[in-house]
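Right, one structure below, let's go through it.
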Amino acid sequence: MSSRWPTQLVVGTVLIGLFVGIGLMSLVWTPHDAEALNVAARLAPPGTEGHLLGTDRLGRDVTTQIMVGARNSLVVAVVSTAAALVPGVFLGLVTAGSKRASREVLSRATDVALALPGILVALVLATAMGASNTTTMVAITAWFIPVMARVVIGPARQIMAREFVEAARASGRGKWYILIRHVLPNIGPVVIVQTSLLFASAILIEAALSYLGVGAQRPTTSWGMLFNESQAVVGEAPTLVLIPGVVMVLAVLGFNLLGDGLRAALDPRQTTKAVV
Amino acid sequence: MAPLVDVRDLSFRYGHKQNWVLRSLNLSIERGSAVGVVGESGSGKSTLVRLLCGLLPVGSGSVTYDGRAVTDWLSKDPRQFRLHNQMVFQSPAASLDPRMRIRRSVAEPVRALERRKIGDDELESWLSMVGLGPEALNRYPHQFSGGQLQRVAIARALSVSPTVLYADEPTSALDVSVQAQVLNLLMDLRARLGLTLVIVSHDLAVVSRMCEHILVMRNGEIVESGPTVDVLHSPSSAYTNALTKAASAVSLRPGNVTSAG
Amino acid sequence: MLSIRDLTVRIGPYQIVSIDELHLTRGRRLGLVGESGSGKTMTAMSIVGLQPREAQITGSITFDGRELVGLTDSQLAAIRGTDIGVIFQDPLRALNPTMRIGKQIGESVRLHSDLRRSAVNARVIDLMTQVQLPEPEQLARRYPHQLSGGQRQRVVIAMAIAARPKLLIADEPTTALDVTVQKGILDLLAQLSEEYEMAMLFVSHSLGVVRKITHDVAVLYGGRVVETGPSSEIIDQPRHRYTEALIGANPGQADPDAIEAALGTPLTTIPGSVPALDAFPSGCRFRDRCAHSLDTCAENPPVTRMSGGHRFTCWNPTHTPVGGELDGAAR
């Protein structure tokens with residue numbers, strides 16, 4: 001079985017494993033105290049004794065900052081994507097299963113929600129609620145619900161048009177049963193792949209918001225924050241921008257690869273061999 | 001005795017601005033008979049059977065089953081109505097949920113309509129009636145051939161002991177060598193279970209072999225109906241005549257003259 | 001004109017097609033008949049290089065004395081559409097939905113000639129008239145979706161014959177069409193083939209359609225030719241047990257006199273279904289579904305050659321040919 005795992009799935013899983021691993025590890029151990037300042041050792045280059053990835057302009061250990069930042073990204077991505085998943089899929093299924101008139105209304109409403117620029121909504125929210133991780137999560141969730149709904153509507157409608165749905169109706173099944181037991185499992189791969197991609201987006205959005213200063217605030221550490229704090233010294237210490245950049249790219253890549261790999265692996269037609 | 005299914009002045013269109021798919025049809029189906037609905041694509045034959053078995057809402061005109069309007073059945077006793085009226089679809093691969101094991105697919109009508117659990121013994125007996133072994137229960141649809149899947153679909157429809165079995169092009173997606181098996185099965189089941197059979201087909205040969213009554217449809221209208229022998233022997237409409245000519249041109253009747261010489 | 005010898009087509013570990021010999025002469029029409037998995041379409045497409053990329057072809061296909069196996073894609077592309085025309089099952093997929101009918105036929109005309117624009121247009125109208133499309137001038141300005149299925153297939157035929165090919169390969173050209181429309185298309189194809197002495201390879205799952213249009217037929221099962229010869233002879237008096245069973249399984253007697261007698265009587269069936277590519281038995285590939293199989297059927301069946309080009313590979317044929325029926329040269 002393992003020999004049939006697609007390469008993307010393996011690479012994606014490894015990258016995510018690293019990301020989740022360092023995030024979780026930061027709960028029990030970091031090379032240095034995340035909040036400890038040491039101005040004497042500021043801007044140490046990567047490879048310095050005791051500071052594998054160097055230190056920032058206030059002398060904080062970069063390795064520690066990356067680890068703690070990973071934890072923050074992970075928490076925000078998990079909470080906001082999970083919070084958007086159920087209502088988003090539900091909205092999509094209900095829309096696909098509705099009669100024409102109500103489907104049009106729901107569909108247009110989703111389109112309108114999608115048309116709102118998410119970052120601006122997040123900025124407004126931050127002004128209203130104050131900048132914090134909670135604000136970030138609320139903003140991302142609100143942003144992702146219509147995205148998930150929109151992604152679900154098309155495939156769900158295609159499934160609704162299939163003969164086995166008609167057969168289920170002939171068998172006496174009602175709309176809700178059909179939506180949950182026939183349509184949902186058949187759009188499962190779409191939902192799972194989309195969840196993975198939304199995870200990647202959530203990491204990026206969280207970083208963007210904290211970079212803009214409307215996300216996480218010190219003493220919490222976020223990857224976006226590292227960019228923000230390093231831009232003044234980018235000439236002296238370019239690695240301070242490069243390192244969180246590379247780490248973020250790898251984490252996002254990991255979820256994208258996982259999504260693609262799952263799409264291939266989840267198809268029952270590929271997991272059991274035909275025995276005709 | 002009143003006919004089992006009676007259709008009066010039935011018209012249908014899919015939306016208010018769409019064209020009429022069916023135009024004032026009248027027909028009746030006797031209990032225990034086998035009726036073939038023949039027509040080409042766009043004739044409305046598939047729409048007609050979906051209306052008869054309650055998969056589409058009757059708009060204009062009336063359809064009665066056992067003396068009672070189908071709209072009334074569906075609003076008051078939908079489960080009773082579906083217990084009596086089951087359907088087999090054209091594409092066996094598409095009519096079974098690819099993510100459900102055969103056990104669950106076949107059990108679906110009993111669980112939904114009779115509101116009871118159905119045991120493996122009972123499922124196996126339905127499968128054996130259509131010529132499949134008990135090992136089929138744990139498999140997924142993609143593990144079967146088209147002919148086997150159509151047997152599964154027939155078992156599913158029979159599991160609630162319906163009065164009428166509607167079959168929409170039940171063999172047109174199958175190979176010739178398998179088509180004969182499924183047609184024989186349907187004829188056999190009809191004889192054993194006393195089913196009323198309504199078969200929709202574009203293939204005149206299939207219908208003329210299976211059904212003693214025939215309806216010829218074209219552009220949403222019934223152009224001709226009656227006993228199969230009479231209709232095919234002396235067609236009264238020009239269209240039926242053209243259809244039988246076209247069909248016999250490619251039939252395998254011995255001695256059929258070939259244009260290639 | 002077209003000769004296939006020892007042709008095999010493999011995809012991965014599976015041998016899809018294995019044909020010892022098949023010939024088609026100028027102006028003749030040959031039907032390739034079989035069920036799904038018989039390799040009929042693969043055989044036809046291999047001739048013009050339209051088989052799937054991963055397919056490996058060995059053996060020989062000669063057309064007008066020229067070996068086609070081993071030609072490059074561009075050489076085959078040059079032959080397609082000039083010397084060999086191809087038409088497919090679904091005309092809608094063979095046409096560009098955003099281009100007017102006249103323009104599409106014009107493209108085919110231009111591809112093989114250097115006519116000036118006005119001459120091209122005249123030729124388009126001429127072709128449309130030949131395939132009996134009504135009011136060609138007006139129809140040329142329409143888009144594919146505005147035509148009926150039968151009209152679309154006529155457009156595809158017009159494009160295929162634009163270069164006056166010597167061979168037309170038709171893959172189930174009437175399967176997607178209504179039976180009343182089918183007859184017209186078959187008549188048209190037969191007529192065009194007579195007029196231009198154009199040979200035709202006609203792929204179909206229907207023996208009835210093949211008998212209507214072809215002179216000769218090759219019945220395929222499991223990628224092999226089990227029986228070939230004159231169409232009417234084979235259908236009226238099949239020798240191979242598979243051909244016999246296939247005819248018996250056909251519900252097809254729309255004969256008014258026979259209806260009453262046939263009504264409700266069971267059809268002759270072939271047990272089981274066509275096996276997966278890796279599940280065919282050794283020897284005769286049909287033997288495990290055959291009601292007349294013998295122990296010897298596990299060995300490769302011999303080729304029996306009869307006069308008139310009729311030949312079959314069966315250990316236990318419906319009738320064993322006697323004396324004069326056999327091909328003198330082969331004896």
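By convention in this document, chain letters (A, B, ...) are assigned in the order of the sequence lines, proteins followed by strands, and residues within each chain are numbered from 1.
Remark: B:Asp97 CG to A:Ile159 CD1 distance equals 8.0 Å, nearest 0.5 Å. Note that the CE atom of B:Met100 and the CZ atom of A:Arg181 stand 6.5 Å from one another [nearest 0.5 Å].
Counting heavy-atom pairs closer than 4.5 Å to chain A, the top-ranked of the candidates B:Tyr166, B:Phe81, B:Phe89 is B:Phe89. Among B:Glu108, B:Arg111, B:Arg156, the residue making the largest number of heavy-atom pairs under 4.5 Å with chain A is B:Glu108.
Remark: A:Arg100 CZ is loosely packed, at most 12 non-hydrogen atoms of other residues, nucleotides or ligands lying under 6.0 Å away. A:Phe90 CZ: 12 or fewer foreign heavy atoms inside a 6.0 Å radius. Counting non-hydrogen atoms of other residues, nucleotides and ligands closer than 6.0 Å to CZ of A:Arg157 gives a total of 12 or fewer.
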I'd like to know whether B:Met87 forms a side chain to side chain contact (heavy atoms under 4.5 Å, CB included) with A:Glu166, so could you lay out the CA-CA distance, the side-chain angles of the two residues, the decisive distance to 0.1 Å, and finally the verdict. CA-CA 10 Å; B:Met87 179 142 167; A:Glu166 205 173 17; 5.7 Å; no
Where do B:Arg82 and A:Ser171 land on the side chain to side chain contact (heavy atoms under 4.5 Å, CB included) test, with the steps shown first? CA-CA 7 Å; B:Arg82 296 202 190 286; A:Ser171 298; over 6 Å; no
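Contacts from residues 43-63 of chain B to chain A, taken as heavy-atom pairs separated by less than 4.5 Å, involve B:Arg50, B:Leu55 in sequence order.
In this structure, B:Pro141 and A:Phe164 have side chains that are not in contact, with every pair of non-hydrogen atoms separated by 4.5 Å or more.
Taking both residues in full, the closest heavy atoms of A:Ala170 and B:Gln86 are given as O-NE2, 3.0 Å, listed atom of the first, atom of the second, then distance.
The main-chain N or O of B:Pro92 is never found under 3.5 Å from a side-chain atom of A:Glu163 such that the two would form a donor-acceptor pair.
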